[in-house]
Amino acid sequence: MISLPFYMRIVRASAWYDLIVTVGFATPWTFMAIHQSLLALSQSMAIPGALPPFEPAHMLMANLLGTVVTLWAVLRLRHTQRVHGQYDAAARFAFAALQLYAVAHGASLLVMGFTVFELLFGVAQLLPIRQSEGY
């Protein structure tokens, strides 16, 4: 069992991770830079799987993801609550499942790097908390 203050630090750490990793997805210009960097990394390391060019509809989905996850991260940083960690854990397991599905259907193995963090933060945010501390 972990203490509530320690749990809140985990929730904030997961929010910082999300903010750093996804804020660049929020606009077409920043996402294109990220996409080009990931493409170069994938090619230089000969990582299996597709990292295709993005059409406007793909870009829209990436930008929506970046915007929503960035705002969710800011909420968790500004108003950290135990329940936010629990909802975030559920979202992370859903993201991990979708990422595994994508890789199984030909997406780049680069995705697995993100999947590891989704699972780690998901498990950490489901750890039991000492009941004596309220909330």
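By convention here, the first residue in the shown sequence is residue 1.
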Main-chain N/O of Thr30 paired with Thr27 side-chain donor or acceptor, under 3.5 Å:
yes

Hey, what do you get for CZ (Phe95) to CG (Leu65), rounding to the nearest 0.5 Å?
5.0 Å

Taking all atoms of both residues into account, what is the closest heavy-atom pair of Met59 and Pro28, and its distance?
SD-CA, 3.7 Å

What distance separates Ile129 CD1 from Phe6 CZ, expressed to the nearest 0.5 Å?
11.0 Å

Are Phe114 and Leu100 connected in a single hydrophobic cluster, I mean Ile/Leu/Val/Met/Phe/Trp/Tyr linked by side-chain heavy atoms less than 4.5 Å apart?
no

On a heavy-atom basis, the closest approach of Glu118 and Ala96 is CB-CB, 4.2 Å

Distance check, rounded to the nearest 0.5 Å: Ile2 atom CD1 versus Met8 atom CE?
10.5 Å

Rounded to the nearest 0.5 Å, what's the gap from CG on Leu77 to NE2 on His84? Could you check?
11.5 Å

Please report the closest heavy-atom contact between Arg76 and Ser14, naming both atoms and the distance.
NH1-OG, 2.9 Å

When you look at CE of Met1, are more than 12 heavy atoms from neighbouring residues, nucleotides or ligands closer to it than 6.0 Å?
yes

For Val11 and Gly85 the tightest heavy-atom approach is CG2-CA, 3.6 Å

Taken to the nearest 0.5 Å, the spacing of Leu60 CG from Phe31 CZ works out to 11.5 Å

Count the heavy atoms of every other residue, nucleotide or ligand shown that sit under 6.0 Å from CZ of Phe93, and state whether that count exceeds 12.
yes

Can you name the closest pair of heavy atoms from Ser108 and Val103 and give their distance?
O-CG2, 3.7 Å

Within the 4.5 Å heavy-atom criterion, are Thr67 and Leu71 side-chain neighbours or not?
yes

Answer whether the closest heavy-atom distance between the side chains of Thr115 and Met112 falls below 4.5 Å.
yes

same_hphob_cluster(Met32, Phe25) at 4.5 Å side-chain heavy-atom cutoff
yes

Hey, any chance Val111 and Leu109 share a hydrophobic cluster, counting ILVMFWY side chains that come within less than 4.5 Å of each other, even indirectly?
yes

Asp18 side-chain N/O to Thr70 backbone N/O, donor-acceptor pair under 3.5 Å:
no

Do Leu75 and Tyr87 sit in one hydrophobic cluster, given that two such residues count as connected whenever their side-chain heavy atoms are within less than 4.5 Å of each other, even indirectly?
yes

Over all heavy atoms of both residues, which pair between Leu110 and Ser42 is shortest? Give the atoms and the distance, please.
CD1-CB, 3.7 Å

Only one of Val21, Leu19, Ile20 forms a side chain to side chain contact (heavy atoms under 4.5 Å, CB included) with Tyr17, so which one is it?
Val21

Report yes or no: do Val69 and Leu119 belong to one cluster of Ile/Leu/Val/Met/Phe/Trp/Tyr joined by side chain heavy-atom distances under 4.5 Å?
no

Nearest 0.5 Å please: distance from the OH atom of Tyr7 over to the CZ atom of Arg12.
11.5 Å

Parallel, tilted or perpendicular: which fits the ring planes of His58 and Phe54, with parallel below 30° and perpendicular above 60°?
perpendicular

